[in-house]
Amino acid sequence: MAAFLARRLIGNQSSQILGTSNSTSGALISVSRAFSSSTTPIKATLFPGDGIGPEIAESVKQVFTAADVAIDWDEHYVSTEIDPRTNSFLTWESLQSVLDNKVGLKGPMATPIGKGHRSLNLTLRKELNLYANVRPCYSLPGYKTRYDDVDLITIRENTEGEYSGLEHQVVKGVVESIKIITRKASMRVAEYAFLYAKTHGRKKVSAIHKANIMQKTDGLFLQCCDEVAEKYPEIEYEKVVIDNCCMMLVKNPALFDVLVMPNLYGDIISDLCAGLVGGLGLTPSCNIGEDGIALAEAVHGSAPDIAGKNLANPTALLLSGVMMLRHLKLNKQAEQIHSAIINTIAEGKYRTADLGGTSTTTEFTKAICDHL
Amino acid sequence: MARRSGSILNRLLSNPNPSSPFTLPTRSITYMPRPGDGAPRTVTLIPGDGIGPLVTGAVEQVMEAMHAPVHFERYEVLGHMRKVPEEVIESVKRNKVCLKGGLATPVGGGVSSLNMQLRKELDIFASLVNCINVPGLATRHENVDIVVIRENTEGEYAGLEHEVFPGVVESLKVITKFCSERIARYAFEYAYLNNRKKVTAVHKANIMKLADGLFLESCREVAKSYPGITYNEIIVDNCCMQLVAKPEQFDVMVTPNLYGNLVANTAAGIAGGTGVMPGGNVGAEHAIFEQGASAGNVGNDKIVEQKKANPVALLLSSAMMLRHLRFPTFADRLETAVKQVIQEGKFRTKDLGGDCTTQEVVDAVIKALE
């Protein structure tokens with residue numbers, strides 16, 4: 001376990017490599033951000049969300065305060081009416097807030113059922129141009145699942161592919177759905193994937209595809225990955241067909257390191273990997289947008305049945321917060337909070353109900369603060 | 001009846017307690033054939049690429065050892081051919097049944113997949129993989145017994161792609177009510193005939209509302225005709241997560257083309273790997289039997305050179321073929337022998353944790369035949 005944690009620590013310290021950012025890469029925040037000393041708080045948008053959202057957001061705020069993280073939270077809630085400027089329940093002010101602050105943390109949001117408005121996640125994605133979804137999946141020491149040696153990152157293209165939403169009925173009983181792959185989007189996500197691998201000390205990037213069947217679309221995606229791979233000769237690069245990938249993941253997940261894929265495969269594979277390590281309740285995730293915008297989010301549902309009962313597990317949102325801190329280059333505090341979370345779960349004394357324990361959210365949060 | 005005897009024999013083999021009150025004389029179940037059922041049948045054989053010839057060779061050897069009334073008509077089809085030769089299609093149309101090794105589809109080679117071509121020409125619309133724990137083979141998951149039934153002709157694999165302008169490519173996914181209905185009907189019929197209790201439809205209709213919505217509609221309609229079978233639906237990303245966490249909740253799964261590929265490979269992986277899962281493709285008039293999941297997987301050069309490919313999947317698929325041809329006793333014998341060899345554990349290829357060659361496994365199976 002110690003060696004496992006040490007390896008992750010060393011891997012993350014190497015993110016100091018890129019000091020000054022390249023503003024066109026879109027992956028690192030601008031130089032002005034680096035000037036924030038520990039006394040000037042950074043403004044970040046917080047969307048507590050619905051259901052258990054507010055409780056776990058409270059947890060995050062407590063832990064961050066205990067760790068002396070100088071963040072000024074700008075809270076926004078989803079309104080109950082459709083804002084005509086955004087055509088969804090998210091207000092214009094909320095979106096502007098994220099665009100200004102460039103960093104945010106989002107809890108689970110329940111999309112209200114009904115037609116005539118865009119889903120909340122879709123609105124965020126389109127308006128903020130969030131093109132890559134990064135989800136690290138690693139086995140938590142102390143929480144035993146069938147797989148013990150998982151340590152991989154899935155990077156999924158978030159804007160196009162099969163989820164373009166372009167469908168129509170050709171004749172009665174025949175429906176067509178269009179999958180679009182563009183060079184621009186594929187290059188963007190491939191660049192981000194290799195940059196991420198380099199800054200986090202990762203050794204291998206695998207591009208997942210089905211180009212033997214979908215030759216032009218996935219072929220274009222692979223071409224873009226090939227081109228970017230040539231610029232990073234020190235990182236091992238391989239291409240894996242998705243059905244092989246699924247099988248290898250369930251048989252031996254240690255074979256993979258960083259995975260980069262188009263939208264649909266990414267959706268399925270990232271959920272599969274989350275399942276390997278214990279489910280969506282423990283998985284952090286971060287969406288990267290143009291101009292260095294990063295929106296970390298907890299990908300689990302809003303769990304309305306346990307809302308307000310102090311039973312929710314804040315781990316996913318906390319780990320997403322840690323990802324946000326790493327993006328902001330507050331590595332020391334990120335590492336502190338991360339170790340505290342890992343140690344609390346590893347100890348086993350304080351665990352919420354979904355991990356098999358009996359603690360409440362507040363007890364669990366307090367235990368983490370004590371571990372800091 | 002064949003399935004029951006298989007499971008009884010399984011229990012007998014895995015029951016180490018000799019003093020159990022459950023004793024089964026080995027030949028008490030007799031099948032009553034029609035006069036003339038023993039006439040030999042011709043089956044088209046396509047060895048394929050890579051490890052294909054190795055594993056189909058294994059099947060031929062075992063069939064001969066059993067004196068099975070099957071005669072193989074061999075045709076060479078290789079992955080880089082532009083299309084499947086006419087004579088091969090004619091042969092399958094004539095014989096109605098085909099056994100095939102893997103056919104590789106070169107990545108980005110501009111050649112449309114030969115596996116797909118065969119399926120579309122012969123209208124073989126259902127692909128079936130039985131992912132089941134094999135006794136004696138340790139895996140991380142137990143109690144896995146999932147049959148994945150996958151639509152084989154349309155969906156994302158329609159092959160309709162074009163470049164709109166440089167740098168933007170479109171691919172069409174086509175879903176039709178006709179194909180969705182017939183695969184749903186096949187899935188429920190399969191469940192009914194094999195005493196399966198639940199059918200789960202796998203989809204992504206929250207995003208692809210019209211396309212997968214049409215698929216779901218068809219499944220729901222067919223479900224109404226089978227009130228004794230539980231029907232439920234699951235989104236594909238949640239499905240993969242559940243497969244890894246709790247595979248015992250799934251029984252029969254019916255899926256469109258692409259999701260079926262992923263789900264079948266995931267389920268095969270948790271049950272022991274694609275090297276052991278039997279499967280086949282069936283249409284209204286023809287059937288093609290091949291290694292369960294991953295038909296395009298032809299292994300790598302190292303395995304071909306060292307001749308260490310795993311023949312188990314194809315042997316179990318050929319047992320399914322024998323049942324399809326109405327030779328159930330030969331199928332039972334073959335299956336029992338293969339399962340015995342795996343359980344004993346002495347002769348296993350690399351993907352199962354051993355280090356044997358294909359020939360050694362085949363010899364062991366032949367020896368285990370009664």
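Below, all heavy atoms of this structure are taken into account, side chains as well, without hydrogens, waters or symmetry copies. In what follows, every chain begins at residue 1, and chains take the letters A, B, ... in the order their sequences are listed. Keep in mind the model is a prediction, meaning the values are calculated, not measured.
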message: Applying the side chain to side chain contact (heavy atoms under 4.5 Å, CB included) criterion to B:Cys240, which one of A:Asp267, A:Val250, A:Ile269, A:Ile268 satisfies it?
response: A:Ile268

- prompt: Of all of B:Leu262, B:Ile207, B:Val263, which one pairs up most often with chain A through heavy atoms under 4.5 Å apart?
  reply: B:Leu262

statement: Looking only at A:Thr145, A:Thr182, A:Leu249, most heavy-atom pairs under 4.5 Å shared with chain B are made by A:Thr182

field: Selection from A:Val171, A:Thr217, A:Leu264, A:Ile242 maximising heavy-atom pairs under 4.5 Å formed with chain B
entry: A:Thr217

- prompt: Does any heavy atom of chain B fall under 4.5 Å from the side chain of A:Ile180, the backbone, both, or neither of them?
  reply: both

query: Do B:Lys177 side-chain atoms and A:Val174 backbone N/O form a donor-acceptor pair below 3.5 Å?
result: no

- prompt: With only heavy atoms counted, which part of B:Leu258 is less than 4.5 Å from chain A, the side chain, the backbone, both or neither?
  reply: side chain

Expected output: side-chain A:Glu176 to main-chain B:Leu172 donor-acceptor under 3.5 Å: no

field: Segment of B:Leu214 engaging chain A (4.5 angstrom heavy-atom cut-off)
entry: side chain

statement: Residues B:Met116 and A:Ile213: closest non-hydrogen pair is CG-CD1, 4.2 Å

query: If you look at every heavy atom in B:Gly167 and A:Leu220, which pair is closest and at what distance?
result: O-CD2, 3.8 Å

task: Identify, with sequence neighbours excluded, every residue that meets side-chain contact (heavy atoms from CB on, under 4.5 Å) alongside B:Arg182.
output: B:Asp123, B:Phe125, B:Thr153, B:Phe178, B:Cys179

task: Among the options B:Val168, B:Leu210, B:Thr176, pick out the one with the most heavy-atom pairs lying under 4.5 Å from chain A.
output: B:Leu210

task: Counting only heavy atoms closer than 4.5 Å, note whether B:Glu156 contacts chain A via side chain, backbone, both or neither.
output: both

- request: Measure across A:Lys216 and B:Glu161 and return the closest heavy-atom pair with its distance rounded to 0.1 Å.
  value: N-OE1, 2.9 Å

query: Heavy-atom count around A:Gln169 CD within 6.0 Å, excluding the residue itself: above 12?
result: yes

statement: So, the part of B:Lys209 with a heavy atom under 4.5 Å from chain A: the answer is both

message: Shorter than 4.5 Å, heavy atoms on both sides: which option in B:Glu163, B:Glu181, B:Gln242, B:His141 has the most such pairs with chain A?
response: B:His141

query: Has the side chain of A:Arg183 got a donor or acceptor atom that lies under 3.5 Å from a matching backbone atom of B:Val169?
result: no

task: Give the member of A:Gln223, A:Lys210, A:His168, A:Lys239 that has the highest number of heavy-atom pairs under 4.5 Å with chain B.
output: A:Lys210

- request: Nearest 0.5 Å please: distance from the OG atom of A:Ser270 over to the CG atom of B:Asp237.
  value: 7.5 Å

statement: Residues at least two apart in sequence or cross-chain that pass side-chain contact (heavy atoms from CB on, under 4.5 Å) with A:Ala207, listed by chain then number, are A:Leu222, A:Cys225, A:Tyr237, A:Val260

- prompt: More than 12 non-hydrogen atoms from neighbouring residues, nucleotides or ligands closer than 6.0 Å to NZ on B:Lys350, yes or no?
  reply: no

task: Just jot down the salt bridge (charged side-chain N to carboxylate O under 4.0 Å, His left out) partners of A:Lys179, sequence neighbours excluded, or say none.
output: A:Glu162, A:Asp218

- prompt: Looking only at heavy atoms, what is the nearest atom pair of A:Gly275 and B:Met241, with distance?
  reply: CA-CG, 3.3 Å

- request: For the pair B:Glu170 (side chain) and A:Ile178 (backbone), establish whether a donor and an acceptor sit closer than 3.5 Å, ignoring hydrogens and angles.
  value: no

task: Against chain B, label A:Lys172 side chain, backbone, both or neither, depending on which of its atoms sit under 4.5 Å from a heavy atom there.
output: neither

field: Contact residues of residues 276-285 of chain A (partner chain B; heavy-atom separation under 4.5 angstrom)
entry: A:Leu276, A:Gly279, A:Leu280

message: Looking at every heavy atom in both B:Arg140 and A:Lys251, which two are closest together, and how far apart are they?
response: NH1-O, 2.9 Å

query: So which heavy atom on A:Glu167 is nearest to which on B:Ala211, and how close?
result: OE2-N, 2.8 Å

